[in-house]
There are 2 protein chains.
Amino acid sequence: MTTPAKSLSRRSANSRQQLLKASIESFVTTGYHATTTREIAQKAGLSPAAMYVHFSSKQDLLFELIEHGHHEAYRALADAIQQADGPREALRAAVYAFTEWHATNHRLGRIAQYEFQYLTPENRARIAHIRKAIDASLRTILQDGARTGALSVPNVRLTALAILSLCIDLVRWFPSRMHSDPQEIASNYADIASRMAGI
Amino acid sequence: MTTPAKSLSRRSANSRQQLLKASIESFVTTGYHATTTREIAQKAGLSPAAMYVHFSSKQDLLFELIEHGHHEAYRALADAIQQADGPREALRAAVYAFTEWHATNHRLGRIAQYEFQYLTPENRARIAHIRKAIDASLRTILQDGARTGALSVPNVRLTALAILSLCIDLVRWFPSRMHSDPQEIASNYADIASRMAGI
DNA sequence: GTCTATATGGGGATAGAC
DNA sequence: GTCTATCCCCATATAGAC
């Protein structure tokens, strides 16, 4: 009992997803500016003009990708923290989840970080709150741990920054010949972060 | 007693330096692909065609910058290690110097890391040995430290990777509102790296 | 929603005079 | 070594038919 309207909207949603998927491939390989809308359209199996039915511009496509990437990474982090018990476990769980997300989604993560600077200032501002929430999440864990003595952290702000920096920088090199298993690297990074927090 | 030939070669060297300086500004702000050779030439006070006397292409300009950046960063690291005494001091000195270099030269460092992927495969290969030397330098310190017991490092390869990752990721965010002093961040990162190596 | 055709502007690199 | 002028190709985005 598929109505013509439903059929159309399904086709549309498919093209939209194809375009998003194609743009991840292109942006991560060639970079935002060197990627042409023709390339993206071709990878998605559409004409160059079809993109503009689904996205108002190439910038709009970039924004959707980067916003989605930030959203998913934050959700992985926040979910892990919520289920953890105490600062030590929370730190391990947070670093594990955040690292695993960036390893598993290294292409999208790389676009979210490397092409972030090519968002318009307005689009960057629309994502700022997620970035702040990520920072705050880790700072809170370290602060709680330092207060209760569960962790030993001389400089909470800087240690939080360093731990996140480590996790995020994964997207620059992952996967490599030596490391290509998201769970393995996540587990190791959780160990390293624990050491940074004095465990 | 300046001969015409000397005068000419001085003028030429100046233009070359101006072009390199201008391209750092442009590449770091706009990225390699979105930067036009016209922009670079204008910033250097030259006509669009003048660039091609000093560099054979825009790619050639990028390569010179990135090679120079890698070379300088490695030299800062190697010098620090050579003057240090023992694995603990070597680790501190290495992380301090490498971090300080990336903080001080964050624009060039950012180009060296972010635009590296846009070098031709041939140009990338011409820099590979410097990257390997940087990795090997830190691995050697950790290996020596683990052997003599001066350091406690469960996983030498991964810890070396993580420490370098931390230092390099500076170029993504440095300077920020909270951190803008290269020596201060270098000192703090040396502390953090020491913790990662079990001190 | 998708297509073909195209408007419109720009960009890397070169030619040739000085 | 530097300039002006230009070749030649390509990119984003839109127009209008189906």
Side-chain angles (χ1 to χ4, degrees), chain A residues 2-23 25-27 29-66 115 118-120 122-123, chain B residues 2-27 29-66 111 115 118-120 122-123:
Chain A
T2 312
T3 68
K6 260 190 181 171
S7 179
L8 271 179
S9 83
R10 260 231 312 280
R11 281 244 304 280
S12 166
N14 272 342
S15 288
R16 199 187 148 82
Q17 293 308 312
Q18 291 296 325
L19 285 164
L20 286 168
K21 190 180 163 190
S23 65
E25 297 299 315
S26 290
F27 287 163
T29 311
T30 327
Y32 173 68
H33 281 116
T35 297
T36 67
T37 54
R38 282 172 168 80
E39 257 177 66
I40 296 171
Q42 190 174 19
K43 273 203 183 105
L46 295 170
S47 77
M51 195 200 90
Y52 292 90
V53 175
H54 304 280
F55 302 93
S56 64
S57 63
K58 195 170 87 162
Q59 168 73 206
D60 186 35
L61 191 45
L62 180 68
F63 173 74
E64 296 260 329
L65 282 183
I66 294 184
E115 314 296 334
Y118 304 130
L119 289 175
T120 61
E122 295 75 28
N123 282 340
Chain B
T2 312
T3 69
K6 262 190 179 170
S7 179
L8 272 178
S9 85
R10 261 230 314 279
R11 280 241 307 277
S12 166
N14 272 340
S15 289
R16 201 187 146 81
Q17 291 309 311
Q18 292 294 326
L19 284 164
L20 286 168
K21 190 179 164 190
S23 66
I24 290 180
E25 298 300 313
S26 288
F27 287 164
T29 311
T30 326
Y32 173 68
H33 281 116
T35 297
T36 67
T37 54
R38 285 169 167 82
E39 255 177 67
I40 295 171
Q42 189 174 21
K43 273 204 183 104
L46 295 168
S47 77
M51 196 199 90
Y52 292 90
V53 175
H54 303 280
F55 301 93
S56 64
S57 64
K58 195 170 87 161
Q59 168 73 202
D60 185 35
L61 193 44
L62 180 68
F63 173 73
E64 296 260 329
L65 283 183
I66 294 184
I111 293 168
E115 314 296 333
Y118 303 130
L119 289 174
T120 62
E122 295 76 27
N123 281 339

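Below, read A as the first sequence line, B as the second, and so on, with proteins coming before strands; counting in each chain starts at 1.
When rounded to the nearest whole Å, the span between CD of A:Q42 and P of D:dA11 equals 11 Å. If you take CG of A:L46 and C1' of C:dG1, they are 9 Å apart, rounded to a whole angstrom. Going from atom CD1 of A:I40 over to atom P of D:dC10 covers 18 Å, rounded to whole Å. As rounded to whole Å, 14 Å separates atom C1' of D:dA13 from atom CG of A:L61. Rounded to whole angstrom, the span from the NE2 atom of A:H54 across to the C1' atom of C:dC3 amounts to 12 Å.
In terms of the side-chain contact (heavy atoms from CB on, under 4.5 Å) criterion, residue partners of B:T120 (sequence neighbours excluded) are, by chain and number, B:Q59, B:E122, B:N123. Qualifying side-chain contact (heavy atoms from CB on, under 4.5 Å) partners for A:T29, counting only residues two or more places apart in sequence or in other chains: none. For A:E64, the salt bridge (charged side-chain N to carboxylate O under 4.0 Å, His left out) criterion is met by A:R16, not counting sequence neighbours. Scored by the ring pair (Phe, Tyr, Trp, His ring centres under 6.0 Å) test, A:Y118 finds A:H33 as partners (sequence neighbours excluded).
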Report all side-chain donor-acceptor pairs from residues 36-44 of chain B shorter than 3.5 Å, counting only partners two or more places apart or in another chain.
| unit_1 | atom_1 | unit_2 | atom_2 | d |
| --- | --- | --- | --- | --- |
| B:T36 | OG1 | B:E39 | N | 3.0 |
| B:K43 | NZ | B:S26 | OG | 2.9 |

In 5'-to-3' order, the base (B), backbone-only (S) or no-contact (-) status of each nucleotide in nucleotides 10-18 of chain C, using a 4.0 angstrom heavy-atom cut-off, is -BBBBB---

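When all heavy atoms of A:H54 and A:S15 are compared, the pair lying nearest together is NE2-CB, 3.6 Å.
The side chain of A:A50 lies closest to C:dC3 when the candidates are D:dC3, C:dC3, C:dG1.
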